Amino acid sequence: MKSIIKLTLVILLMSATKLVSQDIHLTQFYSSPVYLNPAFTGGDVCSRVSLTYRNQWPGISKAYNSYLFSIDHYIPTQKIGIGLLIGTDVAGSGGLTTTLINPLIAYELKVTRALVIRFGVQPGLGIKSISYKNLLFGDQIVRGGGVATIEPTANSRTYFDVGAGALAYTQNFWIGTSFYHLNTPNEALKGEYESVLPIKYSVHGGYNFSLNNEDDDEKNSFIKKSLSTAFNYRGQQKFDQLDIGVYYMQYVFNLGLWYRGIPFLKQYQPGYSNNDAIAVIVGLKAERLNIGYSYDYTISKLTNASHGAHEISIAYQLCKTNYNKKKRVRIPCPKF
């Protein structure tokens, strides 16, 4: 039975004339903000390096494993942020791999003393590849698992990919939008087929509330606490999702709770509501180092099969966080 299922999937993949693949999906949006929106590039107080690993649906054999690395830096004399984003996503028994290499650049414009606007772009490369030797073809099943008679002519494709975004923020509020695959590149592995990446878009923002009283001792960092509300609406072709979350932060401790889905307003077919997951984020934020962990509990019909998703993030700033603090309005979004 398993062989029949595999054969069916292979036939569908090989015969389709137009395929749409999944972009890397994150729960901790702000652990790697330049992936959410290139306008975040150089938005911190100094150079920042971040790493993110996501294991999506561990209950399904060889599902999605995603890795992201980013580094960005702000040049105050030019009001420009520069950076680099590298990511890899691996899925399936054939090791279907998507790699992205994106240089980043953003410009910062201070509109008023309180309001700042940033614009960012990320021209880069995408690489799609697969290992055919790990796939099971129909003639192998007939002959008891021998070497397939199919000899693929290509197992990778490199394409140009463009993204852009904008961000506006004050000391407590932020809102941004981003667009990816603006040139709708073709990522098909074989020349006679077409697998166009449709434009992906996102609108995200939030507000940070201070929970301290005016009489609180500013030198006692343990009693400094705040609450942030945030959202991220994103879509690609006919599919979209809305994430709504809240963060509580005190001293070095961060706790976040997110809901993902649009259950009452939209469903893609009868009986399947847009109702995906509830995520819990736990983070530790030291002076320069941030470490976060999140778990997605699936609440859709995949609950028993998927086993949710695990995500780990590490970020490090290359200077003290109070460096140049008074000269720039800092983006108030969470770090996880």
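Positions are given from 1 along the sequence. Fair warning: this is a prediction, and the values are worked out from it, not measured in the lab.
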Practice item. Apply side-chain contact (heavy atoms from CB on, under 4.5 Å) to T170 and list each qualifying residue two or more places apart in sequence or on a separate chain. Key: L115, F173
Study note, to complete from the structure: Nearest heavy-atom approach of S313 to Q28 is OG-OE1, 2.6 Å
Review point. Can V111 be reached from F119 by stepping across I, L, V, M, F, W or Y side chains whose heavy atoms are under 4.5 Å apart?
Key: yes
Revision key, fill the gap. For residues 170-184, the salt bridge (Lys or Arg N to Asp or Glu O under 4.0 Å) pairs (sequence neighbours left out) are none
Practice item. Using side-chain contact (heavy atoms from CB on, under 4.5 Å) as the criterion, list what pairs up with I312, not counting sequence neighbours. Key: Y293
Point to revise | Stepwise side-chain contact (heavy atoms from CB on, under 4.5 Å) test for Y248 and L211 | key: CA-CA 10 Å; Y248 175 78; L211 301 180; 3.8 Å; yes
Revision key, fill the gap. Residues P38 and T41: closest non-hydrogen pair is O-OG1, 2.7 Å
Study note, to complete from the structure: Distance col, row L104:CG vs I71:CD1, nearest 0.5 angstrom, shows 11.0 Å
Review point. Is there a side-chain contact between N183 and Y159 (heavy atoms, below 4.5 Å)?
Key: no
Practice item. Output, in order, the C-alpha distance, side-chain angles, deciding distance and verdict of side-chain contact (heavy atoms from CB on, under 4.5 Å) for N232 and Q241. Key: CA-CA 8 Å; N232 180 25; Q241 282 186 329; over 6 Å; no
**Study point:** Pairing of D243 and R234 as salt bridge, 4.0 angstrom limit
**Key:** yes
Check your understanding: Does Y169 reach the main-chain N or O of C333 with its side chain, forming a donor-acceptor pair under 3.5 Å?
Key -> no
Exercise for review: Using the test ring pair (Phe, Tyr, Trp, His ring centres under 6.0 Å), find all partners of F231 that sit at least two apart in sequence or belong to another chain.
Suggested key: none
**Study point:** Results of side-chain hydrogen bond (donor to acceptor under 3.5 Å, both in side chains) for Y35 - residues two or more places apart only
**Key:** none
Check your understanding: Among all residues two or more places apart in sequence or in another chain, which pass the side-chain hydrogen bond (donor to acceptor under 3.5 Å, both in side chains) test with N37?
Key -> H204
Exercise for review: Applying ring pair (Phe, Tyr, Trp, His ring centres under 6.0 Å), name anything that partners F209, two or more places apart in sequence or on another chain.
Suggested key: Y207
Review point. Do Y233 and I199 belong together in a cluster built from hydrophobic side chains that touch within less than 4.5 Å?
Key: yes
Exercise for review: Just jot down the side-chain hydrogen bond (donor to acceptor under 3.5 Å, both in side chains) partners of K335, sequence neighbours excluded, or say none.
Suggested key: D44
Check your understanding: Do you know which two heavy atoms are closest between D72 and G42, and how far apart they sit?
Key -> OD2-N, 2.8 Å
For residues 78-88, which side-chain donor-acceptor pairs fall under 3.5 Å, sequence neighbours excluded?
none

Review point. Is E194 reaching over with its side chain to a backbone N or O of N186, donor-acceptor style, under 3.5 angstrom?
Key: no
**Study point:** For S129 against S156, the heavy-atom pair lying closest together
**Key:** CB-CB, 3.8 Å
**Study point:** Y53: hydrophobic cluster co-members (side-chain, 4.5 Å)
**Key:** Y67
**Study point:** Any donor-acceptor N/O pair, T177 side chain to S202 backbone, under 3.5 Å
**Key:** yes
Point to revise | Short side-chain to backbone donor-acceptor contact, T98 and D89, under 3.5 Å | key: no
Exercise for review: Without swapping roles, check the side chain of Q237 against the backbone of P198 for a donor-acceptor pair under 3.5 Å.
Suggested key: no
**Study point:** With sequence neighbours excluded, residues passing ring pair (Phe, Tyr, Trp, His ring centres under 6.0 Å) with Y201
**Key:** none
Point to revise | Contact summary for S228 and P334, nearest pair of heavy atoms | key: CB-CG, 4.2 Å
Study note, to complete from the structure: So CG of L227 and CD of Q250: to nearest 0.5 Å the spacing works out to 12.0 Å
Exercise for review: Compare every heavy atom of Q171 with every heavy atom of P332, then report the nearest pair and how far apart it is.
Suggested key: CB-O, 3.2 Å
Practice item. Verify, without hydrogens or angle tests, whether R118 (side chain) and L167 (backbone) share a donor-acceptor contact under 3.5 angstrom. Key: no
Exercise for review: Report yes or no: do Y30 and V329 belong to one cluster of Ile/Leu/Val/Met/Phe/Trp/Tyr joined by side chain heavy-atom distances under 4.5 Å?
Suggested key: yes
Check your understanding: For N254, which residues count as a side-chain hydrogen bond (donor to acceptor under 3.5 Å, both in side chains) partner, sequence neighbours excluded?
Key -> none
Point to revise | Straight-line distance of K285 NZ to M249 CE, nearest 0.5 Å | key: 9.5 Å
Check your understanding: Judged by atom type as modelled, is there a donor-acceptor pair below 3.5 Å linking the side chain of R260 to the main-chain atoms of T27?
Key -> no
Check your understanding: Which value, rounded to the nearest 0.5 Å, describes the distance between L100 atom CG and I24 atom CD1?
Key -> 5.0 Å
